[in-house]
Protein chains: 4
Amino acid sequence: MTGSTRGPNDPRRRERILDAALDVIAEHGAIKVTFRKIASAAGVPLGSLTYYFDDMQHLLTEAFTRLAESVSVRYGALLEAARTPEEAQEAVVEIICGKVWGTDRNLLLSYELYAFAARHPELTEVLRSWMHASRQSLARHFDPLTARALDALVEGFSIHNSVDARPTERADVAAVVRAVATPRTPPDGASR
Amino acid sequence: MTGSTRGPNDPRRRERILDAALDVIAEHGAIKVTFRKIASAAGVPLGSLTYYFDDMQHLLTEAFTRLAESVSVRYGALLEAARTPEEAQEAVVEIICGKVWGTDRNLLLSYELYAFAARHPELTEVLRSWMHASRQSLARHFDPLTARALDALVEGFSIHNSVDARPTERADVAAVVRAVATPRTPPDGASR
Amino acid sequence: MTGSTRGPNDPRRRERILDAALDVIAEHGAIKVTFRKIASAAGVPLGSLTYYFDDMQHLLTEAFTRLAESVSVRYGALLEAARTPEEAQEAVVEIICGKVWGTDRNLLLSYELYAFAARHPELTEVLRSWMHASRQSLARHFDPLTARALDALVEGFSIHNSVDARPTERADVAAVVRAVATPRTPPDGASR
Amino acid sequence: MTGSTRGPNDPRRRERILDAALDVIAEHGAIKVTFRKIASAAGVPLGSLTYYFDDMQHLLTEAFTRLAESVSVRYGALLEAARTPEEAQEAVVEIICGKVWGTDRNLLLSYELYAFAARHPELTEVLRSWMHASRQSLARHFDPLTARALDALVEGFSIHNSVDARPTERADVAAVVRAVATPRTPPDGASR
DNA sequence: TATGAATGAGCATTCATTCAT
DNA sequence: CATGAATGAATGCTCATTCAT
């Protein structure tokens with residue numbers, strides 16, 4: 001009674017399709033996405049896809065939007081849990097090293113998203129919201145510039161660590177985060 | 001008769017094809033690359049492509065390799081020119097803000113490259129060399145961990161700045177670079 | 001509950017659908033008619049069409065029948081109004097040149113009808129009735145053979161005039177009609 | 001040796017495709033033409049069609065042009081053979097009744113052509129040339145207005161005869177043709 | 001009685017790839 | 001050595017039709 005799997009009303013089907021699309025992109029690359037692969041991954045008939053989505057571009061746009069939002073949420077959750085500046089720094093380190101969003105899958109999807117967004121302006125806004133949300137999460141604990149810097153660091157380290165044969169170790173990442181995050185008085189008032 | 005109007009040997013043709021491939025990727029996205037588009041962009045006959053390259057995957061692999069090397073060179077050149085730590089820091093800021101490699105085109109191509117490389121192991125090595133070269137260039141002026149951190153910062157800021165409606169200003173970037181680059185005595189003598 | 005905003009009985013809906021079908025054919029060509037276009041043009045829900053009509057073929061058959069009848073009526077009306085042989089001839093000229101039925105729209109629809117009818121025998125009868133009605137209208141004023149001839153002339157001139165960059169002028173059409181319509185004694189008393 | 005059926009050079013393939021297209025239209029109607037049907041009728045691979053023709057519209061345009069030209073030629077040939085005014089009139093009667101071009105197939109195709117041309121301006125010119133050629137052929141024997149009238153008569157009678165259960169008999173057609181073609185002095189100078 | 005959500009068969013078209021020259 | 005004509009497999013997408021409500 002709690003919802004047949006195929007009835008005329010399957011309100012979760014849209015979401016299933018979007019998740020399947022991300023799965024297919026993650027597995028084969030956006031370069032090889034096809035309606036047929038998505039339909040098969042989602043376990044829905046081919047005609048469903050164009051019934052729910054005007055065309056592939058719209059489908060991908062929604063799928064990537066969904067990705068950005070879900071990653072964003074997890075990013076924020078970790079920082080929200082932090083209670084002290086030290087915990088906040090630790091959260092950043094965890095985001096970088098603990099693969100909170102930097103799963104290979106998510107990282108991969110984010111490359112595809114960046115590439116796709118560069119050609120589809122409607123996704124630029126999604127990207128901006130995502131970045132803005134990350135910075136806001138960081139801004140609960142750090143000043144705005146530091147928030148920007150840490151966000152950039154998360155991006156850069158995540159990418160490089162995924163490529164690196166010997167990723168930067170957690171303690172080292174922590175040291176860098178501390179350097180960026182700790183305010184300090186210039187040594188002798190010299191520079192700038 | 002043995003080729004009067006067009007010499008049978010056109011040694012630059014391979015390179016022309018690879019550059020054309022990058023142009024096509026930059027313009028249409030890897031998702032829409034076709035032999036026809038590349039051939040037309042390079043001004044070579046269609047048959048040329050499969051004559052010089054076994055298939056599209058090989059062609060793209062070489063094209064991306066070419067991209068990585070050329071970007072790498074420019075990155076290194078800027079740092080090599082620095083004579084003092086301050087100049088080195090300034091070079092890093094310039095790389096981030098001056099769009100030395102972070103041209104929209106290059107950035108875009110790098111997303112495509114990352115996405116492509118994630119699925120083609122032979123490119124992982126190319127990516128590693130690229131990253132290694134960057135770090136080596138930085139290591140002329142900074143200790144290894146700082147080099148890694150700055151490299152990550154370059155990556156992250158470049159990406160975020162290209163998305164940001166109001167990119168981080170040069171002075172602010174400089175401040176962050178200084179914070180990462182300036183060695184200091186740890187508060188209580190602990191790490192490193 | 002039994003249909004407050006829209007009565008469950010919408011007797012004109014069938015007709016609206018048929019008219020919309022003709023509009024769609026006139027606009028897009030029979031080659032591109034779809035249920036969706038018709039439903040949208042008629043302002044009725046998609047399900048309506050297959051509710052009222054078994055399938056597209058039946059719908060088109062009825063639509064074309066409707067067309068034939070309405071055109072036929074106008075043709076007849078003009079001839080019925082004529083009181084003298086001269087007025088009858090003038091009516092024929094008017095039908096040809098005044099675009100009584102030879103509207104571009106009707107002409108266009110008649111091509112589609114002819115093509116459709118050639119493949120759907122049930123429409124042959126409709127076509128015959130149409131032709132028969134036209135001839136009957138003409139037969140009020142002319143002998144049977146002249147009626148046939150004038151009817152053919154209407155058909156042919158209408159088509160040719162719609163294609164012609166410089167259609168045959170009204171006076172010339174009138175002369176031809178007169179030549180066909182005016183009985184005369186054969187040169188040497190032979191034929192007929 | 002006189003040409004393998006499938007070699008890389010099959011210069012007649014274009015024409016075969018066009019003829020096959022006309023066959024398919026004649027058999028199924030333009031409304032049901034598909035590349036697959038044409039390819040199969042022509043005995044060529046599916047990919048051939050879009051290799052030789054940019055798209056279906058271009059293919060149909062060429063096919064209809066071919067039709068118009070071939071019909072035009074036969075029409076002209078019959079009239080060219082006539083040596084006296086009487087023979088010319090007889091040729092016209094033959095064109096109408098003898099199914100010179102008014103084959104059911106050709107008639108059918110001409111309906112489709114008219115419908116198609118109404119929506120594809122590039123065919124209007126083809127139609128005009130066709131009509132012009134017919135009139136020129138007639139103008140070898142008749143004055144310009146009579147040529148126009150006879151051409152309209154051919155068109156109209158051909159169509160009506162193909163619909164009619166009892167087509168107008170040859171002798172009657174001949175009488176009408178004579179009435180149109182024979183110049184005469186107005187009975188008593190009255191009319192007009 | 002009337003609807004619109006859902007589907008699968010079929011379509012035009014694209015394109016990497018092959019291969020005769 | 002180099003080419004471009006030719007092909008067939010696959011793609012995104014359309015749509016008549018079905019059917020639960």
Side-chain angles (χ1 to χ4, degrees), chain A residues 4 6-11 13-14 31-39 44-60, chain B residues 2-3 6-10 13 31-40 44-60, chain C residues 1-3 6-10 13 31-40 44-60, chain D residues 4 6-11 13-14 32-39 44-60:
Chain A
S4 66
R6 269 306 193 75
N9 291 324
D10 181 359
R13 178 170 285 193
R14 259 188 91 85
I31 210 175
K32 300 215 140 182
V33 184
T34 69
F35 275 161
R36 282 164 177 78
K37 286 201 191 91
I38 297 173
V44 301
L46 177 58
S48 248
L49 300 206
T50 42
Y51 176 72
Y52 282 106
F53 303 93
D54 282 351
D55 57 18
M56 172 112 305
Q57 190 191 121
H58 283 85
L59 197 167
L60 292 183
Chain B
T2 6
R6 199 171 52 196
N9 291 328
D10 182 358
R13 179 169 284 193
I31 209 174
K32 300 217 142 181
V33 184
T34 68
F35 276 155
R36 280 165 174 73
K37 287 200 191 95
I38 297 173
S40 152
V44 302
L46 177 58
S48 250
L49 300 205
T50 42
Y51 178 73
Y52 283 106
F53 303 93
D54 284 352
D55 58 16
M56 174 107 296
Q57 192 190 122
H58 284 85
L59 198 167
L60 291 184
Chain C
M1 263 303 167
T2 6
R6 199 170 51 196
N9 292 329
D10 181 359
R13 178 169 286 191
I31 207 174
K32 299 216 142 182
V33 184
T34 67
F35 276 155
R36 280 165 174 74
K37 286 200 191 94
I38 296 173
S40 152
V44 303
L46 176 58
S48 250
L49 301 204
T50 42
Y51 178 74
Y52 283 106
F53 304 93
D54 283 352
D55 57 16
M56 175 107 298
Q57 191 189 123
H58 284 84
L59 198 167
L60 291 184
Chain D
S4 65
R6 270 308 193 74
N9 290 325
D10 180 359
R13 178 169 285 191
R14 260 188 89 86
K32 299 214 140 184
V33 184
T34 68
F35 275 160
R36 283 162 176 77
K37 286 200 192 90
I38 297 172
V44 301
L46 177 57
S48 248
L49 300 206
T50 42
Y51 177 73
Y52 282 105
F53 304 93
D54 282 351
D55 56 19
M56 172 110 307
Q57 191 191 121
H58 283 85
L59 198 167
L60 292 184

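Throughout, a chain's letter reflects where its sequence line sits, starting with A, and its residues are numbered from 1.
For F:dT7, the OP1/OP2 oxygens have a side-chain nitrogen or oxygen of D:Arg13 closer than 4.0 Å. At the phosphate of F:dC1, OP1 or OP2 sits under 4.0 Å from a side-chain N or O atom of B:Tyr51. In terms of phosphate contacts, C:Ser48 brings no side-chain nitrogen or oxygen within less than 4.0 Å of OP1 or OP2 of E:dA2. The shortest distance between the side-chain N/O atoms of A:Tyr52 and the OP1/OP2 oxygens of E:dA6 is below 4.0 Å.
The CG atom of C:Leu49 sits 10.0 Å away from the CZ atom of C:Arg36 when rounded to the nearest 0.5 Å. Taken from CE in C:Met56 to OG1 in C:Thr34, the straight-line distance is 7.5 Å, to the nearest 0.5 Å. Between atom CZ of residue D:Phe53 and atom CG of residue D:Leu60 there is a gap of 10.0 Å, rounded to the nearest 0.5 Å.
Residue-to-nucleotide proximity on DNA chain F shows that, of D:Gly47 and A:Gln57, the 5′-proximal contact is made by D:Gly47. When the nearest nucleotides of DNA chain E are assigned to B:Lys37 and A:Leu46 by heavy-atom distance, the more 5′-ward of the two goes with A:Leu46.
In this structure, D:Lys37 and D:Lys32 approach most closely via the heavy-atom pair NZ-O, 2.6 Å.
The nearest whole Å value for the distance from the CG atom in C:Leu60 to the P atom in F:dC15 is 15 Å. If you take CZ of A:Phe53 and P of F:dT14, they are 15 Å apart, rounded to a whole angstrom. Rounded to a whole Å, the NE2 atom of C:His58 is 16 Å from the P atom of F:dA16. Summarising the geometry, the separation between CG on B:Leu49 and P on F:dT3 is reported as 10 Å, rounded to the nearest angstrom. Summarising the geometry, the separation between CD1 on B:Ile31 and C1' on E:dC15 is reported as 15 Å, rounded to the nearest angstrom. Across the protein-nucleic acid pair, C:Lys32 atom NZ and E:dC11 atom P stand 15 Å apart, rounded to whole Å. For A:Ile38 and F:dC13, the CD1 to P distance is 11 Å, given to the nearest whole Å. Atom CG of D:Leu59 is separated from atom P of E:dC11 by 16 Å (rounded to the nearest Å).
When the salt bridge (charged side-chain N to carboxylate O under 4.0 Å, His left out) test is applied to D:Arg14, the partners found at least two apart in sequence or on another chain are D:Glu62.
The side chain of B:Phe35 sits closest to E:dA16 out of E:dA16, F:dG4, F:dG12. The side chain of D:Met56 lies closest to E:dA12, out of F:dG12, F:dG8, E:dA12. Of the listed nucleotides (E:dT7, E:dA12, F:dT17), F:dT17 has the atom at the smallest distance from the side chain of C:Asp55.
For E:dA16, its base sits under 3.5 Å from the side chain of B:Arg36 at one donor and acceptor pair at least.
Residue contacts shown for D:Thr50 include a base, since a base heavy atom lies under 4.0 Å away.
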For DNA chain E, the expected dot-bracket line (Watson-Crick or G-U under 3.5 Å, [ ] crossing, | inter-strand) is .||||||||||||||||||||
